[in-house]
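Below you'll find the structure, written out as structure tokens, and then a few comments.
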Amino acid sequence: MTPETLAEKVLSATRAAFEALALDAAVIPARTAVERPRDPKHGDYASNIALQTAKKAGTNPRALAEKIAENLAAADGVAKVDIAGPGFLNITLDAAAAGEIAGKIIAAGPSYGDNASMADEHINLEFVSANPTGPVHVGGTRWAAVGDALARVMRASGAKVTSEYYFNDAGVQVNNFAASLLASAKGEPTPENGYAGGYIDDIAQAVLKVRPDALETDDPQAVFHEVGVELMFAEIKQDLDNFGTHFDVYFNEKDLHDKGELDAAVARLDQQGHIFESEGAVFLRTTTFGDDKDRALKKSNGEWTYFAADCAYYLDKRERGFDKLVLMLGADHHGYIGRMQAMSQAFGDKPGTLEILIGQMVNLLKDGQPVRMAKRYGNVITLNDIVEAIGVDAARYVLARYSSDSTIDIDIDLWTKHGNDNPVYYVQYAHARTSGVLRNAAERGFDKGDSYDASLLDHPRESDLLKALAEFPAVVATAAALREPHRVARYAEELAAAYHRFQHDCRVLPFPDEEATPVNTARLWVVDATRVVLANALGLLGVSAPERM
RNA sequence: GCGCCCGUAGCUCAGCUGGAUAGAGCACUGGACUUCUAAUCCAAUGGUCGCAGGUUCGAAUCCUGCCGGGCGCGCCA
């Protein structure tokens, strides 16, 4: 029995109790959830439904709980229902009902964990979107890990997700980048507001390789601009690819300009009556929708602002048919939320169409001291540096296992020196152990067969493990709904712990001089189910699930 | 000044949108290897959940006000 079906049974038992006691059933919630109590004395699952509803129904929670318990105890698969404290229902399943889940998991395989909580949602998820003026650095790497995991978790929850990267390849930043390349090629010092660092020299040389005549052309900077940006794109894409983050769409800002989409977007906003001119500049009246001040779209010198391109990009996405646009930004951009939301509403979209997720920064430490990074000084730690130091799996895992609401401090030395402290190895090792047991079973000709006797799975370690396994789909759904993929990582750690404890206390394979018993068979099913769930959980994080370590 | 985020064990962080005696990893201490790879397990130590009020059967969680830290407040991108 899954927690979801048990919750359904709790609800129907509650409805029956309300009827028997002639109470107003309107106070019963449409859905409820059972939770896994920490203390094993409180049963396999607990429900607080009596506490939640008793007061509203004008009755005593304890008395109500007793009536619900009576109904629930009669339900299939429920072994026992106790009432504790002010009116908690502590539910114990019979072992057979609890153990069924292993078979269901194995049957579902890679799709176990999939759920329909976001079915029919058509989502555009934009993340990373780092300027193509240098390699992706740590901040961007965090979003590459978190955003990709979020995309996977939402897809597992039934959403149609297009992941997207926005290249800001128009404007002054790339001009500064081009000027820096040119200066490097000519052996001149880095220009004002330019970029430094080895990668500038590398790309400058690479440009010269593609266009040996670059310095002799009429407009050398234009050549470095065009070829350099292209090479930078290619490098970023390659790095992300190596990292396992594959975007469905790489969108160039330049295309918006080339296709006249900025004019079109402003015209649309004008139609809606939200445009005005002041001192020769064009503004969007974002204050109508709660922004602090109105925002310029076109400067008095006739140039577009960055925000104008954002408006055009927003409209472009909407016209591509997405009904929800999710945008992940670093904390240094949180000041944009007001104008972006205002713009969304100015286009006539309902609140919630645009969802902006703000992630806090990554601080790098060296010897316990913060390292100030800036592309301009060329001392950035890049995605590649991290991957070289600890590998893709460890990097993705450690970046995705924290809530995006908290800044993370990463000591790069600690990472490289104590690589094995990374919890990813704990989880991966659990997976390797399940694979090892299954491998050994196969070598010995011990097959798990078509069925098992779930009622034999009554060891406390087995019970804990089964409950952890049963929880996975709800974890995925919650991670998707809250946009918090780190929950999957934390869950994987819990599951791995439950498995390690199980394997320590419960012998799975028969000893060499013994025949396999039905207990061995049942446990082998549990091991295989655990393997599936660990692999699926790691898969959602884009981390590999090795069969040996 | 205004806005967003954070403040939980020595350190790094969870805490499933209000539940029972607040958890994990690391570090420290003591145990368990004739192993299903011990990259593991068990035990012990460690807490005024920043502070003060409020809401209620019940608060780390929700509300208000302070304190501390990070980030941001352009006709820059």
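Taking only side-chain atoms of A/Tyr425, from C-beta outward, the nucleotide of B/rC5, B/rC75, B/rA39 with the closest atom is B/rA39. The side chain of A/Asp405 has B/rC6 as its nearest neighbour among B/rC75, B/rC6, B/rA20. Nearest to the side chain of A/Lys41, among B/rU21, B/rA39, B/rA20, sits B/rU21.
Between B/rC41 and A/Tyr426, a contact under 4.0 Å exists linking OP1 or OP2 to a side-chain N or O. An OP1 or OP2 oxygen of B/rG74 is reached within less than 4.0 angstrom by a side-chain nitrogen or oxygen of A/Lys293.
Within a 6.0 Å radius of CD in A/Glu515, no more than 12 heavy atoms belonging to other residues, nucleotides or ligands are found.
Residues satisfying the salt bridge (Lys or Arg N to Asp or Glu O under 4.0 Å) criterion with A/Lys448, sequence neighbours excluded, are A/Asp528. Legend: residues meeting salt bridge (Lys or Arg N to Asp or Glu O under 4.0 Å) with A/Arg501, ordered by chain and number and at least two apart, are absent. By the ring-ring contact (aromatic ring centres under 6.0 Å, His included) test, A/Tyr452 pairs with A/Trp525, sequence neighbours left out.
By the 4.0 Å N-to-carboxylate-O rule, A/Lys80 lies close enough to A/Asp82 to be salt-bridged with it.
A donor N or O paired with an acceptor N or O is found under 3.5 Å between the base of B/rA20 and the side-chain atoms of A/Asn90. The base of B/rG72 does not come close enough to the side chain of A/Asp332 for any donor and acceptor atom to sit less than 3.5 Å apart.
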Donor-acceptor list for residues 463-477 of chain A side chains, cut-off 3.5 Å, not counting sequence neighbours:
| unit_1 | atom_1 | unit_2 | atom_2 | d |
| --- | --- | --- | --- | --- |
| A/Lys467 | NZ | A/Asp44 | OD1 | 3.1 |
| A/Glu471 | OE1 | A/Arg36 | NE | 3.1 |
| A/Glu471 | OE1 | A/Arg36 | NH2 | 2.6 |

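Two residues are said to be in side-chain contact when any heavy atoms from C-beta on lie closer than 4.5 Å; A/Arg433 and A/Met549 fail this criterion.
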* Base, backbone or nothing for each nucleotide of nucleotides 10-17 of chain B, written B, S, -, heavy atoms under 4.0 angstrom, 5' to 3'? -> --SSSSBB
* State the dot-bracket string of RNA chain B. Criteria: Watson-Crick or G-U wobble, both atom distances under 3.5 angstrom; notation: ( ) intrastrand, [ ] crossing earlier pairs, | interstrand, . unpaired. => (((((((..((((.....[...))))..((((.......))))......(((((..]....))))))))))))....
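For A/Phe88 and B/rA20, the ring-to-base geometry satisfies the stacking test (centroid distance below 5.5 Å, interplanar angle below 30°).
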